[in-house]
Amino acid sequence: EVQLVESGGGLVQPGGSLRLSCAASGFTFSSYVMSWFRHTPIKGLEWVSGIASDDNSTRYYDSVKGRFTISRDNDKNTLYLQMNSLKPEDTAVYYCRATGWGSSYWGQGTQVTVSS
């Protein structure tokens, strides 16, 4: 059974940091492109960042460049998103997604709230 389980969300003040994790199981994690998305009722679903399966090259949504860092540990089958200098507009439910071999899998999401 394929599972993606996000964790690490919570309430943080503006300017603070959080590190999200996405633990994967049930598929060959190292062969899949991994991404982070976020969802808000107003903006809907937004792609945040992605990391390749082979060379670990990374890409970011413009509004998070320089603040967020995506990484993966293929030995631990885990995806990470280090979020620094958080802003209220980063408030959302964050999801990880695995894509590859004609398949796409999603986690259940973790809430991030940036507020004073």
Side-chain angles (χ1 to χ4, degrees):
E1 178 188 7
V2 171
Q3 280 195 318
L4 292 171
V5 180
E6 299 96 336
S7 61
L11 173 64
V12 63
Q13 291 187 342
S17 298
L18 283 174
R19 188 194 196 202
L20 304 184
S21 299
C22 171
S25 60
F27 64 101
T28 307
F29 177 78
S30 59
S31 297
Y32 281 67
V33 172
M34 297 300 298
S35 305
W36 287 100
F37 287 77
R38 63 188 182 188
H39 181 272
T40 64
I42 294 177
K43 295 183 179 179
L45 191 65
E46 288 184 328
W47 172 81
V48 174
S49 181
I51 185 166
S53 59
D54 47 6
D55 64 358
N56 279 353
S57 60
T58 59
R59 298 183 67 184
Y60 298 92
Y61 185 44
D62 282 350
S63 70
V64 308
K65 280 182 182 176
R67 300 189 297 122
F68 290 11
T69 302
I70 190 171
S71 62
R72 65 192 297 164
D73 185 334
N74 288 340
D75 291 333
K76 294 183 178 180
N77 290 347
T78 303
L79 174 73
Y80 302 100
L81 185 67
Q82 178 66 43
M83 305 187 296
N84 299 328
S85 303
L86 282 161
K87 304 175 180 179
E89 51 263 42
D90 295 318
T91 295
V93 179
Y94 283 72
Y95 298 89
C96 62
R97 186 185 77 174
T99 305
W101 303 100
S103 300
S104 184
Y105 309 118
W106 291 85
Q108 84 291 345
T110 186
Q111 175 71 47
V112 171
T113 302
V114 184
S115 175
S116 55

Report task. Sequence neighbours left out, what pairs pass salt bridge (Lys or Arg N to Asp or Glu O under 4.0 Å) with at least one residue falling in residues 1-28? Result ->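 Non-adjacent pairs meeting salt bridge (Lys or Arg N to Asp or Glu O under 4.0 Å): zero.
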
Sequence neighbours excluded and cut-off under 3.5 Å, please list the side-chain donor-acceptor pairs for residues 109-116, or say none.
{"unit_1": "Thr110", "atom_1": "OG1", "unit_2": "Gly9", "atom_2": "N", "d": "3.2"}
{"unit_1": "Gln111", "atom_1": "NE2", "unit_2": "Ala92", "atom_2": "O", "d": "3.4"}
{"unit_1": "Gln111", "atom_1": "NE2", "unit_2": "Thr113", "atom_2": "OG1", "d": "3.3"}

Contact list for [range], test disulfide (SG to SG under 2.5 Å), sequence neighbours left out:
| range | value |
| --- | --- |
| residues 36-116 | Cys22-Cys96 |
| residues 34-70 | none |
| residues 38-79 | none |
| residues 46-95 | none |

Assigning hydrophobic clusters by single linkage (Ile, Leu, Val, Met, Phe, Trp, Tyr; side-chain heavy-atom cutoff under 4.5 Å), is [X] placed with [Y]?
| X | Y | answer |
| --- | --- | --- |
| Val33 | Trp101 | no |
| Leu45 | Trp47 | yes |
| Tyr80 | Trp106 | no |
| Leu4 | Phe37 | yes |

Report task. List the atom of Ser21, the atom of Thr78, and the distance in Å for their closest heavy-atom pair. Result ->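 Taking every non-hydrogen atom into account, CB-CG2, 4.3 Å.
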
Under 3.5 Å, side chain of [X] to main-chain N/O of [Y], donor-acceptor pair present?
| X | Y | answer |
| --- | --- | --- |
| Thr91 | Glu89 | no |
| Tyr94 | His39 | no |
| Arg72 | Phe29 | yes |

4.5 Å side-chain heavy-atom contact, [X] and [Y]:
| X | Y | answer |
| --- | --- | --- |
| Thr58 | Phe68 | no |
| Asn77 | Phe27 | no |
| Val48 | Tyr60 | no |

All salt bridge (charged side-chain N to carboxylate O under 4.0 Å, His left out) counterparts of [X], not counting sequence neighbours:
| X | result |
| --- | --- |
| Glu46 | Arg38 |
| Asp75 | none |
| Arg59 | none |
| Lys43 | none |

Query raised in the report: Is the closest basic N to carboxylate O distance between Lys87 and Asp90 below 4.0 Å?
Result: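 Looking at Asp90 together with Lys87, the answer is no, because their closest N to O distance does not fall below 4.0 Å.
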
Requested in this report: First locate atom CE of Met83, then atom CG of Leu18, and finally report the distance between them rounded to the nearest 0.5 Å.
Outcome: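 Met83 atom CE to Leu18 atom CG measures 4.5 Å (nearest 0.5 Å).
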
Query - Approximate separation, where rounding is to 0.5 Å, of Leu79 CG and Arg97 CZ - result: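 One finds 12.0 Å between CG of Leu79 and CZ of Arg97.
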
Report task. Provide the full list of side chain to side chain donor-acceptor pair (under 3.5 Å) pairs with a residue in residues 23-37, sequence neighbours left out, each pair given once. Result ->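 For residues 23-37, and leaving out neighbouring residues, there are no side chain to side chain donor-acceptor pair (under 3.5 Å) pairs at all.
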
Query raised in the report: By ring-ring contact (aromatic ring centres under 6.0 Å, His included), which residues pair with Tyr95, not counting sequence neighbours?
Result: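 Testing Tyr95 for ring-ring contact (aromatic ring centres under 6.0 Å, His included), a comparison that skips the adjacent residues, returns none.
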
Report task. Using only heavy-atom distances, determine whether the side chains of Asn84 and Ser17 contain a donor-acceptor pair under 3.5 Å. Result ->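 The answer is yes; a qualifying pair exists.
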
